Amino acid sequence: MAYDENNIFAKMLRGEIPVKKIYEDEYALAFPDINPQAPVHVLVIPKFKARNFPEFVQNATNEQIAGFMKAVATVAAQLGLQEDGYRILSNIGKNGGQEVPHLHIHLFAGKVLGPMLCKK
Ligand code: AMP
């Protein structure tokens with residue numbers, strides 16, 4: 001399936017809708033999740049057009065991949081999360097529960113986050 005240029009994160013990257021920027025560099029943009037699931041819930045997205053992590057890894061250059069992954073760590077460090085820790089997660093496709101079809105890394109922190117997966 002093709003990348004959907006009209007997904008909401010693509011619009012944010014193009015500056016078509018406002019973004020409360022937490023971090024930005026040439027590879028990535030980070031902003032708060034609109035529906036936070038933890039005291040700290042930030043999304044980090046690559047500027048590269050990819051629907052998900054495997055497409056990003058397959059199609060981006062090593063420099064773009066490294067730049068993006070470093071940006072995720074930089075955001076966590078700048079938010080002061082290294083000592084107490086945090087969780088990063090990326091949903092992929094239907095079984096992953098992905099809603100927005102532009103790769104994003106969720107960064108959760110601010111409390112003990114509990115089990116990795118819901119046990120329901
Ligand atoms: P996922 O289910 O992994 O695709 O997660 C998509 C995330 O994007 C959800 O946690 C939403 O709350 C979040 N989200 C959707 N629209 C916005 C927006 N305009 N600004 C910030 N976060 C958003």
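These numbers come from a predicted model, not from an experiment.
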Relative to each other, are the rings of H104 and H106 parallel, tilted or perpendicular (30° and 60° limits)?
perpendicular
Should the ring pair F68 and F56 be called parallel, tilted or perpendicular, given that the plane angle runs from 0 to 90° and is split at 30 and 60?
perpendicular
Could you see if F53 belongs to whatever hydrophobic cluster contains L43? Use Ile, Leu, Val, Met, Phe, Trp, Tyr and a side-chain cutoff under 4.5 Å.
no
For the hydrophobic clusters of this structure (ILVMFWY residues joined by side-chain heavy atoms under 4.5 Å, transitively), does one cluster hold both V72 and L81?
yes
Run the numbers on F9 and L13 for side-chain contact (heavy atoms from CB on, under 4.5 Å), then give the verdict.
CA-CA 6 Å; F9 295 167; L13 286 170; 5.6 Å; no
I'd like to know if the side chain of Q98 and the backbone of R51 have a donor-acceptor N/O pair within less than 3.5 Å.
yes
Taking the side chain from E99 and the backbone from G97, do they hold a donor-acceptor pair closer than 3.5 Å?
no
Please assess V40 against Y86 for the test side-chain contact (heavy atoms from CB on, under 4.5 Å), listing each intermediate value before the final yes or no.
CA-CA 9 Å; V40 176; Y86 56 94; over 6 Å; no
Nearest 0.5 Å, please: how far is [atom2] in [Y] from [atom1] in [X]?
X   : Y   : atom1 : atom2 : value
E63 : K70 : CD    : NZ    : 10.0 Å
E24 : I45 : CD    : CD1   : 9.5 Å
I34 : K20 : CD1   : NZ    : 11.0 Å
L89 : Q37 : CG    : CD    : 11.0 Å
E16 : I8  : CD    : CD1   : 11.0 Å

Closest contact, heavy atoms only, [X] versus [Y]:
X   : Y    : answer
R87 : G114 : NH2-O, 2.8 Å
G96 : N91  : O-OD1, 2.9 Å
A38 : L113 : CB-CD2, 4.0 Å
N6  : R14  : OD1-NH2, 4.1 Å
G85 : A109 : O-CB, 4.0 Å

How about [X] and [Y]: do any of their side-chain heavy atoms sit closer than 4.5 Å?
X   : Y    : answer
H41 : F108 : yes
M69 : Y27  : no
F48 : N59  : yes
P32 : I22  : yes
V44 : I88  : no

Give the C-alpha distance, both sets of side-chain angles, the deciding distance and a yes or no for side-chain contact (heavy atoms from CB on, under 4.5 Å) between Q64 and K47.
CA-CA 9 Å; Q64 289 167 324; K47 292 191 171 176; over 6 Å; no
Which one of V75, V42, L29 satisfies the side chain to side chain contact (heavy atoms under 4.5 Å, CB included) criterion with Y23?
V75
Working for side-chain contact (heavy atoms from CB on, under 4.5 Å), residues Y3 and H102
CA-CA 8 Å; Y3 178 82; H102 180 107; 2.6 Å; yes
Look at atom CD of Q58 and say whether more than 12 heavy atoms of other residues, nucleotides or ligands are closer to it than 6.0 Å.
no
